[in-house]
Participant: 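This is the structure, below, for whatever I ask next.
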Amino acid sequence: MVEEAKAERPARYARKARARLCTAFSLVLAGTLAIGLCGGSPATLAALAVEGGAAASAGEAGSAGSASTAATGAAVNDTPKEEVVYARLSAAGAVDNVYVVNVLNPDAPGKVVDYGPYTAVQNLTDASGVEQQGDAVSVDVAGDSLSYQGDLGAAALPWDVSVEYELDGKHVDAADLGGASGKLVLSVTTKKNASVDPAFFDNYLLQITVPFVSDQVRDVATEDGQIALAGSNTQVTFTGMPGKDGSFKVEAQVSGFTMSGITFAAVPFSMGIDTPDTTELVSGFRQLGDGVGELKAGADGLASGAGELAAGVGQVAGGVDGLAAGAGQLVGGANELAGGAQGVAAGAQGLAEGAQGVADGAAGLSGGLGAYQSGLSAQAAEARQNIVDTSALEKGYQDAAQTYVAAYAAAFHEAKSRGFDDAQAYQAAATATANQRAAMQSALTALMTATGGNAGMLGAANALEGAAAGLGAVGDQNSLLGGATALSGGSSALVAGASELASGASRLSGGAGALASGTSELASGTNQAASGAGQLSAGAGQLSSGAQQLADGTGTLYEEVQGIPDKVQEEIDAMMADYDKSDFKPVSFASAKNANVSLVQFVMSTDPIEAPTHEEPTVEEPEQSFWDRLLALFGLA
């Protein structure tokens, strides 16, 4: 039975330790709330913790057992214990005072030696004394547990805390905030203190509570925490995660501001996190990889099609450029055609004017020849009246004159057939018939010599008649007069034709001008088309380049997403590892010599911010006489 009792004892004490732990933690939270609601101090929390330990111990009858295995002066304390670390901070977050409430839970009553560099110690359970020698604290535990307080002064904490205040945009010391009004911005910063064992910073959850008096604040706002009502207070709560520095801010419109103090509660992070089933999540990422593969195939097809489009558009642009160049040449040709048509019109007009001149000349020639013939006949008749008959000489002269006239007419007709004009033909005929003219003049001279003046006149008359008769026989029985008349008629027809040519040339010039105008518009349109085709070609090139970039990007994305499922699983495992504190073993804050610590928790609070006090002036009462005091003693005053 004794052995069974000994075997059962550790389990029993373990159950008792867990019960005391729960009780102590509940009291810490209750104490934190008490500080916020009632303006209490850490000493209040210490008293509550002591009462909690006493209540937990009173629930069970402590049986006598073996004394603690730890003897005074032992280098290590194996006695099970818990520690609650209380700290008073300035309103700005600086450490003012730290003390530890140690709850010792020995297996059996007896002397226990605990360790800590305390400046003072105090028994919180009973009136028995506490002995201290260096960092060793010796106490006699009469029941199941004993609590004592050890002061550490301004000891370093695992967290460096900083609290800053702004009022209406200006930095304000906490000492100047009491009774203030305006827009308040309160900032809390927590950082790792490298001089303290990192086990606390890395494994503890930090809860920060900022209590506002509800009647003094409005428009409370924060992005970093939660806002809740707690009695007459409006509490803002922030949470600092293990191993992380924290930065928190709250804003409020305050009036007559006071605050009981900001509290910081730190406990080991303990959260039951089951490893999630990532099968569906990983499967979704695999489906994502398949979808990206299909996207890649589509992007490749798009890139190929865009490349072909760019090539085709480039060919179209080249063709349109050629069309624009041809249209430009067409414009040049049309302009030249218009110019030539204008020249033709001008030439036709000149031809019509020249033909009119020829017609006028032919008509004059016809009239002149008729008048010449009539004049010759009249002169011959008049001469014949004044001369005597000289038949032989006259006959010689007439023959010479007819020969001359015939030769002259033949020479004139030949010159005209060779393209000479009238003046040139007359000159050519005169040159060709110089001999005939000389023969006629010799015959005339002989006739005049033989007959004197009369004979000369008669010869001249006969010659004139012969010349007139000869002129009528020129041109194959057609008279020169008739030819001149025909020339006049032909010239009129030439004038009419030249006029029609001029009119047609004018219409040709107008059509050529319209053609030039139309080809100019065609050239402008083709130039615009060439410009648009160039832009289209550039756009198609950009599309092809963008499509290729998209194809390359989707290819890279496809390669990347293939590893996402494994990466997701790795990240999940890493996150689970960050918040899995199941392997954390509590260590003593007071001393590393305390080897069997089941719980260490921290409760910290800043100094309150109070409204300035206004002392009422002391009213001195008049000094009472002996008689007055006597009457007052009996209640008769």
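Note that this is a predicted model, so its numbers are computed, not measured.
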Participant: side-chain contact (heavy atoms from CB on, under 4.5 Å), that's the test. Do V210 and L186 meet it? Break it down for me.
Facilitator: CA-CA 9 Å; V210 181; L186 189 153; 4.2 Å; yes
Participant: Does anything in residues 171-192 form a ring-ring contact (aromatic ring centres under 6.0 Å, His included)? List the pairs, not counting sequence neighbours.
Facilitator: none
Participant: A155 and V95: which non-hydrogen atoms are nearest, and at how many Å?
Facilitator: O-CG1, 3.5 Å
Participant: Dump the intermediate steps for side-chain contact (heavy atoms from CB on, under 4.5 Å) on K192 and D202, then the final yes or no.
Facilitator: CA-CA 9 Å; K192 180 179 181 179; D202 293 339; 4.2 Å; yes
Participant: Cut-off 3.5 Å, no hydrogens considered: what does the side-chain donor-acceptor table look like for residues 160-170, sequence neighbours left out?
Facilitator:
unit_1, atom_1, unit_2, atom_2, d
D160, OD1, N193, ND2, 3.3
Y165, OH, A91, O, 2.7
D168, OD1, K183, N, 2.8

Participant: Donor-acceptor check, side chain of R218 to backbone of A252, threshold 3.5 angstrom: yes or no?
Facilitator: no
Participant: Keeping to residues at least two apart or across chains, list the ring-ring contact (aromatic ring centres under 6.0 Å, His included) pairs with something in residues 212-232.
Facilitator: none
Participant: Is there a donor-acceptor contact under 3.5 Å from the side chain of D173 to the main chain of A175?
Facilitator: no
Participant: Using the rule given for side-chain contact (heavy atoms from CB on, under 4.5 Å), can you reason through D607 versus L89, listing the C-alpha separation, both sets of side-chain angles and the distance that settles it, and then say yes or no?
Facilitator: CA-CA 6 Å; D607 289 334; L89 310 178; over 6 Å; no
Participant: Testing the basics here: between Q253 and G182, what is the closest heavy-atom pair and its distance to 0.1 Å?
Facilitator: NE2-C, 3.3 Å
Participant: How about E83 and S588: does a side-chain donor come under 3.5 Å of a side-chain acceptor?
Facilitator: yes
Participant: Between D176 (side chain only) and V172 (backbone N and O only), is there a donor and an acceptor less than 3.5 Å apart?
Facilitator: no
Participant: Okay, side chain of S181, backbone of G256: is any donor-acceptor separation there less than 3.5 Å?
Facilitator: yes
Participant: Looking only at atom types and distance, does a side-chain atom of N203 sit under 3.5 Å from a main-chain N or O of F269, one as donor and one as acceptor?
Facilitator: no
Participant: Please list, chain by chain and in numerical order, all residues satisfying side-chain contact (heavy atoms from CB on, under 4.5 Å) with Q424, sequence neighbours excluded.
Facilitator: F420, D421
Participant: For the pair T239 (side chain) and Q207 (backbone), establish whether a donor and an acceptor sit closer than 3.5 Å, ignoring hydrogens and angles.
Facilitator: no
Participant: Do any side-chain atoms of residues 535-542 form donor-acceptor pairs under 3.5 angstrom with protein atoms, and if so which ones, sequence neighbours left out?
Facilitator:
none

Participant: If every non-hydrogen atom of K249 is compared with every non-hydrogen atom of T222, which pair is closest and at what distance?
Facilitator: O-OG1, 2.6 Å
Participant: Please report the shortest heavy-atom distance between T554 and A551, naming the atom on each side.
Facilitator: OG1-O, 2.8 Å
Participant: Shortest non-hydrogen contact from A266 to W159?
Facilitator: CB-CH2, 3.4 Å
Participant: Might you work through the side chain to side chain donor-acceptor pair (under 3.5 Å) test for T258 and Q216, ending with a clear yes or no?
Facilitator: CA-CA 8 Å; T258 62; Q216 299 176 356; 2.9 Å; yes
Participant: If you take all heavy atoms of V236 and V220, which pair is closest and at what distance?
Facilitator: CG2-CG1, 3.8 Å
Participant: Any chance the rings of F602 and Y204 have centres within less than 6.0 Å?
Facilitator: yes
Participant: Within this structure, what is the OG-CG distance for the pair S232 and D215, rounded to the nearest 0.5 Å?
Facilitator: 7.5 Å
Participant: State whether a side-chain donor-acceptor pair under 3.5 Å links T263 with S605.
Facilitator: no
Participant: With ring-ring contact (aromatic ring centres under 6.0 Å, His included) as the rule and sequence neighbours excluded, what pairs involving residues 219-246 come up?
Facilitator: F238-F248
Participant: Starting from the C-alpha separation in whole Å, work towards a yes-or-no answer on side-chain contact (heavy atoms from CB on, under 4.5 Å) for I227 and T234.
Facilitator: CA-CA 7 Å; I227 302 173; T234 298; 3.8 Å; yes
